[in-house]
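The structure appears below as structure tokens.
These numbers come from the heavy atoms of this one structure, side chains and all, not from hydrogens, waters or symmetry mates. Every number for a ligand or one of its atoms is a count from 1 in the order of the listing.
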Amino acid sequence: MATVASAPSIDPNVSTFVARKQKMLINGKWVEAASGKTFATYNPATGEVLAQVAEGDREDIDRAVKAARAAFESGPWAKMPPAARGKLIWKLADLIEKHLEEFAQLESLDNGKPLAIARVADVPLTVEHMRYYAGWATKIEGNTIPLILAPANKFLAYTVREPIGVVGQIIPWNFPLLMAAWKLGPALAAGCCSVLKPAEQTPLSALRLGELIQEAGFPDGVVNIVPGYGETAGAALAAHPDVDKVAFTGSTEVGKLIIQASAGNLKKVSLELGGKSPNVVYDDADLDSAIPQAASAIFFNHGQCCCAGSRLYVEKKSFDRVVDGVSKTAEKIRVRPGFDPDCDMGPLVSEEQLNRVTNYLEAGFKEGAKAVAGGKREGNRGYFVQPTVLVNTNEKMKVVREEIFGPVVTAIPFTDPSEIVTKANDTVYGLAAGVWTRDIKKAHATANRLKAGTVWINCYNVFDPALPFGGYKQSGWGREMGHEVLEHYTEVKSVCAAL
Ligand code: NAI
Ligand code: MG
């Protein structure tokens, strides 16, 4: 807490918030864990304890699910007109916007990301996301189906989309507030009730969000927030027999556990998982644009993005220039604590991630990879890693095959443009991909053959609430955002009436 107190620009609301023991939100009340236990959340820039948080477990999850069930089946939420739901979501967006600086600071302290980035990305994107789904509350429609089996045998047939019920939402630590919005926005628009479990590394912004959810006037039990560990609270939520649907963002490994846990009551599952996204630069690309964007494709959020452009494939003639450009960009990135005004990149989120990423680097060097920029931990306090560009890599190496989830890109040249898509698709993942070329036909032909949920052409990391996002293959099930995600939060009922 010393760091918080000594940071020059700390918001007074943030310092009191982190100094207070954080409780969980169940049925509109802030309560301790049933066990009385708490866990610590850390400031990754220093490794010091940032705050103490109530540690949810099976019993707390059970209480939260009961509250969500009651709010869903009876009570004001169940009867609320869609327009009123939309208004509440919009009001929540306004409140988040009003407290933008506070959220940006909490996010920077808990996750490590640059304060300046949280101010212009995480928090405003959260606000926009909520507003987009506020609009959807009144637009969830069914169809009328022409059903005439014989001239005298006619029916009025129509479908309605009903909220799926109680949803369990388990989110990761890389964009803590934004991931809460990706989950809550569509669930609330559809009329569901939620039990949200934030990541144990970064529970604070979700808890502050819970206060604003109450201030906005959502009825008790509509959103319950239970912080805790994945193996306990998360697993209990995924397995709970009275949860109708679970939405998960995180590792592919845990995604598979969620599927197993869901089997008990066959709850619906949507998963947004890992990636090892190829970023393909052809010789005819505008390299002045491709180079800085290939760098930010991997280094944005310290590489802790499921869609990070971590496999950079460059056509042979341009390889040296692109690698040199990306490496020079990497070397200019100032790696500092998130609150430092000169910070371009903060620490990784946790000691566990630091060890994971540095272990990958070591494995890469053992297999013959060479770092042309970075290559190691930065300093010995906090969880900082240098932005790293690896060459001399090939498709057999761990660093090319596995998700590193840190600021590490592998650059590989290619000579045969007809083979590059096969190489790009040679992964168990299929979340995103980038293509750089001035040839419009080549761009779309490449996009057409890539097995990825999002293909960016001459751009990268472009997100909008209206644009669906999710993965092929082991990158997940279903899509977040757009109107697509609403399918996960609704059941379709066909009604057929004889005329
Ligand atoms: P994780 O998948 O373990 O954690 C994500 C969320 O799942 C957290 O809320 C966690 O508490 C919960 N969880 C963990 N085990 C669970 C279980 N058995 N049942 C239910 N919920 C559970 O991810 P972790 O360990 O933080 O990071 C490991 C790797 O996962 C990263 O290095 C990265 O490769 C990947 N990852 C991918 C993310 C994405 O955006 N797709 C986000 C975070 C991590
Ligand atoms: Mg884990």
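- Of the heavy atoms in Ala238, none comes closer than 4.0 Å to ligand 1.
- For ligand 1, the atoms lying closer than 4.0 Å to a non-hydrogen atom of Thr249 are 5 (C), 40 (O).
- Ligand 1 is approached by Phe248 to a heavy-atom distance shorter than 4.0 Å.
- Taking atom 20 (C) of ligand 1 as the reference point, the nearest protein heavy-atom neighbour is Gly234 C, 3.2 Å.
- For atom 39 (C) of ligand 1, the nearest non-hydrogen atom of the protein is Cys306 CB, 3.6 Å.
- Of the protein's heavy atoms, Gly230 CA, 3.2 Å lies nearest to atom 13 (N) of ligand 1.
- Asn394 and Lys396 are not linked by any side-chain donor-acceptor pair at a separation below 3.5 angstrom, with hydrogens and angles left out of the test.
- Heavy-atom contacts of Ile170 reach the following atoms of ligand 1: 6 (C), 7 (O), 9 (O), 12 (C), 20 (C), 21 (N) (cutoff under 4.0 Å).
- Checked against a 3.5 angstrom limit, the closest N/O atoms of Ser251 and ligand 1 fall inside it.
- Within the 4.0 Å heavy-atom criterion, the part of Arg356 lying near ligand 1 is the side chain and not the backbone.
- Heavy-atom proximity to Glu272, at under 4.0 Å, picks out these atoms of ligand 1: 41 (N).
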For residues 446-453, dump all side-chain donor-acceptor pairs below 3.5 Å to protein atoms at least two apart in sequence or in another chain.
{"unit_1": "Thr446", "atom_1": "OG1", "unit_2": "Tyr282", "atom_2": "OH", "d": "3.0"}
{"unit_1": "Thr446", "atom_1": "OG1", "unit_2": "Lys442", "atom_2": "O", "d": "2.7"}

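- Under 4.0 Å from ligand 1, the heavy atoms of Ile171 that appear belong solely to its backbone.
- Inspection of the Thr38 and Glu55 side chains reveals no N or O donor paired with an N or O acceptor under 3.5 Å.
- At most 12 non-hydrogen atoms from other residues, nucleotides or ligands lie less than 6.0 angstrom from CD of Glu351.
- Proximity of the aromatic rings of Trp456 and Phe463 is defined here by a centroid distance below 6.0 angstrom, and this criterion is met.
- Thr393 and Lys370 are not linked by any side-chain donor-acceptor pair at a separation below 3.5 angstrom, with hydrogens and angles left out of the test.
- Shown in contact with Ala199 at under 4.0 Å from a heavy atom are these atoms of ligand 1, numbered in order with element: 9 (O).
- Counting non-hydrogen atoms of other residues, nucleotides and ligands closer than 6.0 Å to CZ of Phe17 gives a total above 12.
- Protein heavy atom closest to atom 26 (O) of ligand 1, with residue, atom name and distance, is Trp173 NE1, 2.6 Å.
- Scanning all protein heavy atoms for the shortest distance to atom 33 (C) of ligand 1 gives Phe405 CG, 3.3 Å.
- Every atom of ligand 1 with a heavy atom of Ala235 under 4.0 Å away is listed here by number and element: 19 (N), 20 (C).
- Taking a cut-off of under 4.0 Å to the non-hydrogen atoms of Ile258, the atoms of ligand 1 that pass are 20 (C).
- The aromatic ring centres of Phe469 and Trp182 sit less than 6.0 Å apart.
- Closest of all the heavy-atom pairs between Val195 and Val226 is CG1-CG2, 4.1 Å.
- Judged by distance alone, the side chain of Asp110 and the main-chain N or O of Leu204 form a donor-acceptor pair under 3.5 Å.
- In this structure, a donor-acceptor pair under 3.5 Å is absent between the side chains of Glu48 and Asn43.
- The protein non-hydrogen atom at the shortest distance from atom 18 (N) of ligand 1 is Leu257 CD1, 3.7 Å.
- When all heavy atoms are compared, the tightest approach of Thr249 to Pro172 is O-CD, 3.4 Å.
- With no hydrogens or angles considered, no side-chain donor-acceptor pair links Ser194 and Lys183 at under 3.5 Å.
- When hydrogens are left out, the protein atom nearest atom 43 (C) of ligand 1 is Pro172 CB, 3.6 Å; that is the closest non-hydrogen contact.
- The closest approach between Gln201 and ligand 1 falls below 4.0 Å for a heavy atom of the residue.
- Only the side chain of Gln353 comes within 4.0 Å of ligand 1, judged by heavy-atom distances.
- In Leu273, the part holding a heavy atom less than 4.0 Å from any atom of ligand 1 is the backbone.
- Below 3.5 Å of separation, one finds an N or O of Glu403 facing an N or O of ligand 1.
- Of the protein's non-hydrogen atoms, the one nearest atom 11 (O) of ligand 1 is Glu200 OE1, 2.5 Å.
- Counting non-hydrogen atoms of neighbouring residues, nucleotides and ligands closer than 6.0 angstrom, the CZ atom of Arg377 exceeds 12 such neighbours.
- For atom 4 (O) of ligand 1, no protein non-hydrogen atom is found at a distance below 4.0 Å.
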